[in-house]
Protein chains: 4
Amino acid sequence: MTDTPPQTRIQARNRAAILEAALEVFAARGFRGATLDRIAQAAGLSKPNLLYYFRSKEALHLAILQDLLELWLAPLRAMDPEGEPRAQIMGYVRKKLEMSRDHPRESRLFANEILQGAPRARPVLEGELKALVDEKAAVISGWSAAGRIGPVDPHHLIFSIWALTQHYADFEVQVRAIMGDTDPYPGAEAWLERVFGAILDIPHHGP
Amino acid sequence: MTDTPPQTRIQARNRAAILEAALEVFAARGFRGATLDRIAQAAGLSKPNLLYYFRSKEALHLAILQDLLELWLAPLRAMDPEGEPRAQIMGYVRKKLEMSRDHPRESRLFANEILQGAPRARPVLEGELKALVDEKAAVISGWSAAGRIGPVDPHHLIFSIWALTQHYADFEVQVRAIMGDTDPYPGAEAWLERVFGAILDIPHHGP
Amino acid sequence: MTDTPPQTRIQARNRAAILEAALEVFAARGFRGATLDRIAQAAGLSKPNLLYYFRSKEALHLAILQDLLELWLAPLRAMDPEGEPRAQIMGYVRKKLEMSRDHPRESRLFANEILQGAPRARPVLEGELKALVDEKAAVISGWSAAGRIGPVDPHHLIFSIWALTQHYADFEVQVRAIMGDTDPYPGAEAWLERVFGAILDIPHHGP
Amino acid sequence: MTDTPPQTRIQARNRAAILEAALEVFAARGFRGATLDRIAQAAGLSKPNLLYYFRSKEALHLAILQDLLELWLAPLRAMDPEGEPRAQIMGYVRKKLEMSRDHPRESRLFANEILQGAPRARPVLEGELKALVDEKAAVISGWSAAGRIGPVDPHHLIFSIWALTQHYADFEVQVRAIMGDTDPYPGAEAWLERVFGAILDIPHHGP
DNA sequence: GATGAATGAGCCTTCATTCAT
DNA sequence: TATGAATGAAGGCTCATTCAT
């Protein structure tokens, strides 16, 4: 995804260390709150050496964002128009929840970007993302029209999936503050199963 | 909410102007991304004068956060244990969605705070907020146990309400990128009605 | 000439101190070789305080350059089409030589700018300066055609005045290296009198 | 001129490429404005490889300067005390003007050095150059005293030759700004012929 | 109340130079 | 010879905060 592919061992190792460190720091503090000093230190490099690998703070952030967007869109891309509707949607929900659990920093970095008006990601949002969402929304509409799932607004359905799953990563501090030491994810998984089960249910009429 | 009550007309007006300006800037750029210069300019004051009203950037942010938390918790507080369960919950959902529409900056400021680990709000989260949520969760549990609403996990239900409603404010840029010029709120309201309707439904058994 | 006129006493004093210090440093070391640190120190201010008066190194350089260009063009502007040709031209030569003696730093700052391709002054050169030179060249041509001075190429005549007078400021180190402790200016004045006397002389034919 | 004579073909080629690139960059941007990066790139070498040929930026600049000074002094050295005075001087003028036309970068590099106080060239100026100038000035004085040319101040005469010829290289941007697309050199040559003709003329007394 | 002036600390970035290979 | 990797030092600039009035 990044344009300059690592070539030597050292390059590969350092680039990876930087990306990892930068993800950590950008996610926790936002673009402005992050300092190259802190990222360099976390990566075990000097600041100028970090800039030897990435031209600027901006470029580093962009590199992460691009990798991230690929990761982010993949599960929605994987939704199969030929598959069983309920399974496809529930699979997407489950995958997104897993990503919140396993990649919370990516989720928060993305949330930070959007929250601040998507100064860097906007083109992708209005381009690739919109196209992909429209495409999948059409698929869902088809399923709904065919009576294979209940009547849904496909766009809002997708927003709901995003909101409900990412919430556990983005608002983790709040979730933990309320749930104490309990791991929220098992409960969340069951709950979302229940929620989307209810949403997708085909309404039946009284006897 | 803030400790130093305004005294003169001018003071009141200036404090209000500062809070308004700061809300705008903090919400749009995060704590670190906001500068006192920009806030002062937006408020029509000089920087030192701004600091006459609020001792520090930190103090200003805190003042906003405190006002905000009151506003934020009010609708949940208003949920009446004696009321009709479905109406109470749906009312809360509706109120929260209104707040996203009418106070998106507050929502984003709050999201920023949580996203960055709630460095300033954590005490409130673990204190007042947790207590309030636990209290209301107990109420909801009671309703559920009494069969007046379907079986729900009350904590996750509350998280879901937050996630689904705040999403329209916090991820507004993304929502707009996908929905184009369409105002998302009318659709969102209908959709959430549908979603929480399905969730709260009391499952009925076949004939 | 500079856009933000000083208002208070302190501002006036500090702006003047900065311009003076910057002239010194820019002239001696060029734009890139000059550091804000050094200028600030020479002006008796802290670096951020210097930047309180001038937004950037660039802006400071520009302010000096603009003042300077006014100073630079004035003597040529003063050449009077109605005056006695020889007196007008010799007066210009004398004035320019005085300026080299009394404002060598300005001369060197200007030379630096031109030498590096006039990245900042080019518009003025191609605009005001060219217009002024063309205007005065026409006047000189008129004098020459009228037989009031010898035949001259007016543009090259003007270049020669610039070259011969500014040389004593711009190449001062070289002049001093060769002339030792002797002040070059008295000799220069006499010499230029002699040179331009010869140039402007109306050629006469043998008896 | 440089102390380490090239040995292999590759070495010779690389040294030449570096000197050529460095001349270009130093002349255009001054010592401080030039970067080894840019020079290395222009020479088609890596930066460390460049530093293999020249120990430091300083050393590289010095090497160029030394080569340059040789080139610079040669025409004056060539002025023949036994030759015909007028032809010798006019020849020198013509040669210097040719050098401005054919080696403007060398001229500008030298001008930069002098302008900044000759931090590196001063010894040469005060040593070789002064000696050479004094020697030739004596010759000219002799010619003048012998009535073979008009009365001249030999030092200022030499300064004038330098100033008038180098001006077309050093202030090229300004000359071009004023003369537009016209090539200034043909005119300059005729003009300088005229100027020095007038200067060297032996004054004659009225009938 | 209000503001012009000032600054210490910090940030991103550049650059000549060195090291290891 | 040549280069990828690394860095100390410095430079321009920003910003929250303080001081004096």
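In what follows, every chain begins at residue 1, and chains take the letters A, B, ... in the order their sequences are listed.
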- Message: At less than 4.0 Å, is any side-chain N or O atom of C/Y52 found next to OP1 or OP2 of E/dA5? Yes or no.
- Response: yes
Which pairs would a plain distance check flag for residues 18-45 of chain C, meaning a side-chain donor or acceptor within less than 3.5 Å of a matching protein atom at least two apart in sequence or in another chain?
residue : atom : partner : partner atom : Å
C/E20   : OE1  : C/R105  : NH2          : 3.2
C/E20   : OE2  : C/R105  : NH1          : 2.8
C/E24   : OE1  : C/R105  : NH1          : 2.5
C/T35   : OG1  : C/R38   : N            : 3.1

- Task: Would you mind reading off the distance between A/I39 atom CD1 and E/dC12 atom C1', rounded to a whole angstrom?
- Result: 11 Å
- Message: Check this one for me: any side-chain N or O of B/N49 less than 4.0 Å away from OP1 or OP2 of E/dT3?
- Response: yes
- Message: Less than 4.0 angstrom between a side-chain N/O of A/N14 and OP1 or OP2 of F/dG4, yes or no?
- Response: no
- Item | Per B/S46 side chain, nearest of listed nucleotides E/dT3, E/dA5, F/dT3 | E/dT3
- Return the value, rounded to whole Å, for the distance between atom CZ of A/R9 and atom C1' of E/dA20. 17 Å
Report all interatomic pairs (protein N or O, nucleotide N or O of nucleotides 14-16 of chain E) with separations under 3.5 Å.
residue : atom : partner : partner atom : Å
E/dC15  : OP1  : C/R32   : NH2          : 3.4
E/dA16  : OP1  : D/A34   : O            : 3.2
E/dA16  : OP1  : D/K57   : NZ           : 3.1
E/dA16  : OP2  : D/L36   : N            : 2.9
E/dA16  : N7   : D/K47   : NZ           : 3.4

- Message: What is the separation between atom CZ on C/R38 and atom P on F/dG11, rounded to the nearest whole Å?
- Response: 8 Å
- Task: List in chain and number order the residues that pass side chain to side chain contact (heavy atoms under 4.5 Å, CB included) with C/I10, two or more places apart in sequence or in another chain; answer none if no residue qualifies.
- Result: C/T8, C/R13, C/N14, C/Y53
- Query: With Watson-Crick and G-U wobble geometry limited to distances under 3.5 Å, how should the secondary structure of DNA chain E be encoded in dot-bracket form, using | for bases paired to another strand and [ ] for crossing pairs?
  - Reply: .||||||||||||||||||||
- Does the side chain of A/N112 reach to within under 4.5 Å of the side chain of B/N112, using non-hydrogen atoms? yes
- Message: Under the rule for side chain to side chain contact (heavy atoms under 4.5 Å, CB included), what residues qualify as partners of A/Y52, not counting sequence neighbours?
- Response: A/N49
- In whole angstroms, how far is the P atom of E/dG8 from the CG atom of C/L50? 14 Å
- Message: Just N and O in the side chain of A/Y53: are any of them under 4.0 Å from OP1 or OP2 of F/dG4?
- Response: no
- Message: I want to check one thing: is the phosphate of E/dG4, taken as OP1 and OP2, less than 4.0 Å away from some side-chain N or O of C/Q11?
- Response: no
- Euclidean distance, atom CD1 of residue B/I10 to atom C1' of E/dA2 [Å, nearest integer]: 10 Å
- Query: If you look at every strand shown and take non-hydrogen atoms under 4.0 Å, does C/L45 touch a base, only sugar-phosphate, or nothing?
  - Reply: nothing
- Query: What integer distance in Å separates D/R13:CZ from F/dA2:P?
  - Reply: 9 Å
- Task: Find the distance B/F54:CZ to F/dA16:P and express it as a whole number of Å.
- Result: 16 Å
- Item | Residue pairs, two or more places apart or on separate chains, that pass salt bridge (charged side-chain N to carboxylate O under 4.0 Å, His left out) and touch residues 108-119 of chain A | A/R108-A/E172, A/E113-A/R120
